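Written out below as structure tokens is the structure these notes cover.
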Protein chains: 2
Amino acid sequence: MENYQDQDKILLAVDCIIFGFDKKNLKILLIKRDFEPERGRWSLMGGFLKKDENLDEAADRVLNHLTGLHDVYMEQLRSYSAVDRDPMERTISVAYYALINANEAEAELNEDFSAKWFNIHEAPNLIFDHNTMVNNAMARLRRRALTKPIGFELLPKKFTMKQLQTLYEAILDEKLDKRNFINKINALDILLKTEEKDMKSSRKGSFLYMFDEVKYNKKVKEGFAFKL
Amino acid sequence: MENYQDQDKILLAVDCIIFGFDKKNLKILLIKRDFEPERGRWSLMGGFLKKDENLDEAADRVLNHLTGLHDVYMEQLRSYSAVDRDPMERTISVAYYALINANEAEAELNEDFSAKWFNIHEAPNLIFDHNTMVNNAMARLRRRALTKPIGFELLPKKFTMKQLQTLYEAILDEKLDKRNFINKINALDILLKTEEKDMKSSRKGSFLYMFDEVKYNKKVKEGFAFKL
DNA sequence: TTTATTAGTGTTAAAATTTCACTTCTAAAA
DNA sequence: TTTTAGAAGTGAAATTTTAACACTAATAAA
């Protein structure tokens, strides 16, 4: 550790991997750049860290700028620092991934960015190292979804068991057994079963559930650990 | 994303959580600062990122500067960015943790830093947010040790089963059943049993094993996943 | 030759996970 | 009014995994 004066100062960016879910598929929100470098290509939404904010705040600001949303689930992923990752200027990027309710966001999307939702498996090639970021984010999301109740962030407040299962199948990219899934979820005892039914998906209709966050937090305090 | 010219440039540091193992306890290597700020207090070894290197390289350089070692297992942990984390100047730090063979390092420790090994449970309070970094590193190490064969990085090339078990007990901070542990390790089939015995620990002597990295890599290619 | 000490070795019970198929309900069609 | 089509909802049995557990072997030192 040497003195502070002689050190290189460097641009710090945050890039956001924004996940959504549309009843069927896991999606990411990308923007079409109309600025240099790489104008016209698809990329993650990003922005530079300012002197008076921390990285979480910067990520929140960047996400809000595009989606209009606040209080969104975000988690720092990691830093990307290849010397030539940005051809314009040396930039370190810290990636964050966000989980949002795609429907809510849709309405408020900032049109300045020509943003578009892509099915996670059909996303275009991205600039710089953004493909790597997305892959790393997917891996993190998969792991996290098994140990924290973050899936609910991607669903509307009220959802059916089937929707929840479909979501997990999309995240984990594998089919799950219906009975086992429901049994596991119910064993966790963190959902609130409403009286309402969703009649859109079937003749019979299926009950709507809500994530009971208060109950969950109480259980966590008592040593409970979410585990799917 | 705005233009690059108007953005704030910021100091970027790397800090290293250096883990070692001394036959019995998990340790971390700390330095006593003889420079400002916080002169005289204990801290992690750190340094600033230079324009022409990436974070991995910076972490390697910083580690080497203190220990004289290269080709050490290191993994990026995460970034720490509280606005006032460093009272001297706005600095973002990216933490790395390293696993080294404490014995090897001991000889080559750079004396300029008044470095000292501390039992992980007896470490002093550290400057800035370094305590948080250490805690986060411990959590990561625990998780990683269960899914990757990184424990061997902390041991000499040849080690006894008992040593390996003691290491895992130190990392996980819990007692393990001897027979179950050995059965699990043997089931993985990634160790090479040598003809040699370590006679220091008992009358009977115990066989020395080596991690068979070639075999491990081959198995990984065929879909094998380390899981303790 | 005895003793003291750690190394080394498998089985059994319990818990967790996986597999699997039929009935219920209701709207729409006949 | 009755039939039909299609998803919702429900639990037991088999398998796999994990956890608990105690004695013999080997050797150096006494």
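What you see is a predicted model, and the numbers here were worked out from it, not measured in a lab.
For B/Lys193 and B/Phe207, the positive end sits near the middle of the six-membered ring, less than 6.0 Å away and at most 45° from its axis.
The 5' end of DNA chain D is approached more closely, in terms of each residue's nearest nucleotide, by A/Tyr209 than by the other of B/Lys184 and A/Tyr209. Nearest-nucleotide mapping onto DNA chain C: of A/Arg203 and A/Lys178, the residue sitting toward the 5' end is A/Lys178.
One atom, CD1 of B/Ile185, and another, C1' of C/dT9, lie 16 Å apart when rounded to the nearest Å. Rounding to whole angstrom units, CG of residue B/Leu208 and P of C/dT6 are separated by 17 Å. Note: CZ (B/Arg179) to P (D/dT18) measures 18 Å, nearest angstrom. Distance, B/Ile182 CD1 to C/dG10 P: 11 Å, rounded to whole Å. Rounded to an integer number of Å, the gap from CG of B/Leu228 to P of D/dA19 is 11 Å. The distance from atom CG of B/Leu176 to atom P of D/dA20 is 11 Å, rounded to the nearest whole Å. Rounded to whole Å, atom P of C/dT24 lies 14 Å from atom NZ of A/Lys197. Rounded to whole Å, the distance from CG on A/Asn183 to P on D/dA13 is 15 Å.
The side chain of B/Ser202 approaches C/dT6 more closely than any other nucleotide in the set C/dT18, C/dT9, C/dT6. Closest approach to the B/Asn180 side chain among D/dC21, C/dA28, D/dG9 is made by D/dC21 (side chain taken as heavy atoms from C-beta onward). The nucleotide whose nearest atom lies closest to any side-chain atom of A/Met199 is, among C/dT24, D/dC21, C/dT26, C/dT26. Residue A/Lys204 places its side chain closer to C/dT24 than to any other of C/dT9, D/dT10, C/dT24.
Closest approach of A/Ala58 and A/Leu49 over heavy atoms only: CB-CD1, 3.7 Å.
A distance of 11.0 Å separates CG in B/Leu44 from CZ in B/Phe128, rounded to the nearest 0.5 Å.
Aromatic rings of A/Tyr216 and A/Phe211 (six-membered ring for Trp) have centroids within the 6.0 Å cut-off, being under it.
No side-chain donor from either of B/Asp198 and B/Ser206 sits under 3.5 Å from a side-chain acceptor of the other.
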